[in-house]
Amino acid sequence: MSAEHPQPRFVLMRPQMGENIGAAARAMWNFGLDHMRVIAPRDGWPNASASAMASGAGRLLDEAVPCADLDAAVGDCSWVVATTARPRELNKPVLSPEAAMQEAAARIAGGEKVAVLFGPERAGLENEDVARANAIMTVPVNPAFPSLNLAQCVLLAAYEWRRATQAVVARVEAPDESGWASAQEIEHLAGHYEARLDEAGLFYPEDKAAQMKLGLRNLWSRLALTSSDVRLLHGILRQMVRWKERG
């Protein structure tokens, strides 16, 4: 495990299709993970189909560690979480992907080695595999159709790892090159529209004019306008006034 980028190892147990291994590699690399171990792939290793599907994540497959059994893959790990959608008659903590990766991150930060187990496509992990794990990670899927593709499950876990270890910006509103409009620009725009709309007779009857003007000012302040937006809105109003005067 790299000291510069400590992370869990993702262990694929007896994967059946090379394409799914390659897709899992792409999903891992999407979120900065590159520690893959592969146990007894059905179609052998290395796998041309996996490499073709991995595309830009081919390096990850080149560095993936083939393992003969679970002991070889996770024997040096102090915490192992098994992914499964099926209820198990095993007394183990059952965690959501979010909680599982948060605990993985905390343990790795404390110097532990962590592994996440993913089962084969046909039936998932066997009870004997899950028994070796310290916890179970279960995705809250539709109970009428709980089966997840191998790469999809890897993607979910990798995404939650990213969320647990990197700041994720929930919303970004980036202005254009002109930048966000200043309060002064917005005030000037509001005054321009108020004056022209007053001339057009919008603020009627008189006893409601003040409230209508307040509502208009409130509207401008709620809009995320850039300086170029403000110039455009000024231009639109000027052109409408010119057009009206020509008519």
Do you know the tightest heavy-atom contact between [X] and [Y]?
X	Y	result
P146	V141	CA-CG2, 3.4 Å
K92	A131	NZ-O, 3.3 Å
G18	D43	N-OD2, 4.4 Å
V81	A100	CG2-CB, 4.4 Å
A224	D229	O-OD2, 4.1 Å
E121	R14	OE1-O, 4.5 Å

Note to self: Applying side chain to side chain contact (heavy atoms under 4.5 Å, CB included) to L216 and L202, what does each step give before you reach the verdict?
What the structure shows: CA-CA 11 Å; L216 186 60; L202 175 68; 5.6 Å; no
Next item on the list: Please determine if E199 and R196 form a salt bridge, counting it only when a charged side-chain N lies under 4.0 Å from a carboxylate O.
Entry: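 Salt bridge present between E199 and R196.
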Notebook entry, point to check: Could D69 and R132 be called an ion pair, given the rule that one side-chain N must be under 4.0 Å from one carboxylate O?
Noted result: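 Result for this pair is no, no salt bridge flagged.
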Any donor-acceptor pair under 3.5 Å from [X] side chain to [Y] backbone:
X	Y	result
R9	A73	yes
T226	A181	no
Q7	H35	yes
N134	V80	yes

Note to self: With a sphere of 6.0 Å drawn around CD of E206, does it hold more than 12 non-hydrogen atoms of other residues, nucleotides or ligands?
What the structure shows: no
Notebook entry, point to check: Would you say E177 has more than 12 foreign heavy atoms packed within less than 6.0 Å of its CD?
Noted result: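 Count not over threshold, so no.
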With rounding to the nearest 0.5 angstrom, report the [atom1] to [atom2] distance, [X] to [Y].
X	Y	atom1	atom2	value
I21	L60	CD1	CG	12.0 Å
T84	L117	OG1	CG	11.0 Å
R122	S147	CZ	OG	11.5 Å
M101	T165	CE	OG1	10.5 Å
T83	M137	OG1	CE	5.5 Å
L223	L233	CG	CG	8.5 Å

Any side-chain heavy atom of [X] within less than 4.5 Å of one from [Y]?
X	Y	value
N47	P41	no
L189	L225	yes
P93	E103	no
L61	W45	yes
S227	E185	yes
I108	W161	yes
D34	R59	yes
M17	R42	yes

If two hydrophobic side chains count as joined below 4.5 Å and joins carry through other members, does [X] share a cluster with [Y]?
X	Y	answer
L237	V230	yes
L12	M53	no
V139	V116	no
F118	F31	no
V11	V65	no

Note to self: If you apply the rule side chain to side chain contact (heavy atoms under 4.5 Å, CB included), what do you find for R238 with H192, and how did you get there?
What the structure shows: CA-CA 9 Å; R238 292 190 188 100; H192 186 190; 3.8 Å; yes
Notebook entry, point to check: Angle class for the H188/H234 ring planes (parallel below 30°, perpendicular above 60°, tilted otherwise)?
Noted result: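 Correct class here is tilted.
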